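What follows is a single structure, written as C-alpha cells, with notes after it.
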Amino acid sequence: MLIELVMQLQRPDKTSRTSSKPPSTDKKEKRENARPGGAKPGHEPHNRRLADIPMISATNKPTHCELCGGSVSPDAEMELIGEYDEIDIPPVKPYVVRHRRFVCRCAHCGAG
C-alpha cells in the first residue's frame, strides 16, 4: 500500500499532452501583468433598489464586541453602515374550484 502511494505521488499530472484528456481541462498558467478580477477602482456599483414601503422593518444592532466579547450598551452611538431588502416569495397555492354536476329526469317526458 505504501509503495502504491509513493508510485502515485511520483507520477506527473495528466495533461492533454501526456494523456487523452482534452486541452480545455489543462490548468492555465499564471500570466505576468495579469489584472486581478472583480470591480475596478472607480466603478459605480449596481445595487438592487430598496422597496418604497417595506412590509416589515428590522433593526440589527450589535449587542457585543466581536473582538473582545464585551457587551455594547443599547444607548451607544451607532452609525448605519448599510441596508438591504430581504425578498421572500411565498409558495404558490392553487385556487381550486370544485364543480358539482347533477342530473335529473324531466317530469313531463322522462328525458335525462
Side-chain angles (χ1 to χ4, degrees):
M1 183 148 168
L2 182 60
I3 295 172
E4 291 174 12
L5 181 60
V6 170
M7 293 296 287
Q8 189 177 13
L9 291 173
Q10 289 179 344
R11 283 188 211 127
D13 289 338
K14 290 184 178 182
T15 65
S16 61
R17 295 174 191 234
T18 61
S19 71
S20 61
K21 290 178 62 171
S24 61
T25 61
D26 290 345
K27 291 183 181 177
K28 294 183 180 176
E29 296 177 15
K30 295 232 179 201
R31 290 183 275 161
E32 291 180 34
N33 303 331
R35 293 187 296 176
K40 305 303 177 231
H43 174 74
E44 187 176 324
H46 301 282
N47 297 328
R48 180 182 289 141
R49 199 169 76 77
L50 295 175
D52 294 330
I53 304 172
M55 295 175 177
I56 298 173
S57 291
T59 302
N60 302 307
K61 294 183 177 182
T63 58
H64 64 279
C65 175
E66 290 185 7
L67 187 64
C68 71
S71 63
V72 174
S73 169
D75 301 336
E77 187 175 322
M78 297 191 187
E79 176 185 351
L80 178 66
I81 58 169
E83 58 185 341
Y84 63 94
D85 287 343
E86 178 182 340
I87 301 170
D88 187 23
I89 299 173
V92 176
K93 294 182 179 179
Y95 180 77
V96 179
V97 176
R98 176 165 294 153
H99 294 272
R100 297 171 65 199
R101 299 171 47 201
F102 294 90
V103 67
C104 66
R105 296 252 174 235
C106 176
H108 301 287
C109 69

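As the structure is a computational prediction, the values presented were derived from the model and not from experiment.
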Polar side chain donor-acceptor pair, Thr15 to Asp26, under 3.5 angstrom: no
Taking the hydrophobic residues Ile, Leu, Val, Met, Phe, Trp and Tyr, and joining any pair whose side-chain heavy atoms are under 4.5 Å apart, which ones share a cluster with Met78? Val72
Taking all non-hydrogen atoms of both residues into account, name the closest pair between Lys14 and Ser19 and its distance. CB-OG, 3.8 Å
Residues, nucleotides or ligands: over 12 heavy atoms within 6.0 Å of Leu67 CG: no
Tell me the side chain to side chain donor-acceptor pair (under 3.5 Å) pairs involving residues 43-64, sequence neighbours left out? Arg49-Asp52
Within this structure, what is the CG-CD1 distance for the pair Leu5 and Ile3, rounded to the nearest 0.5 Å? 11.0 Å
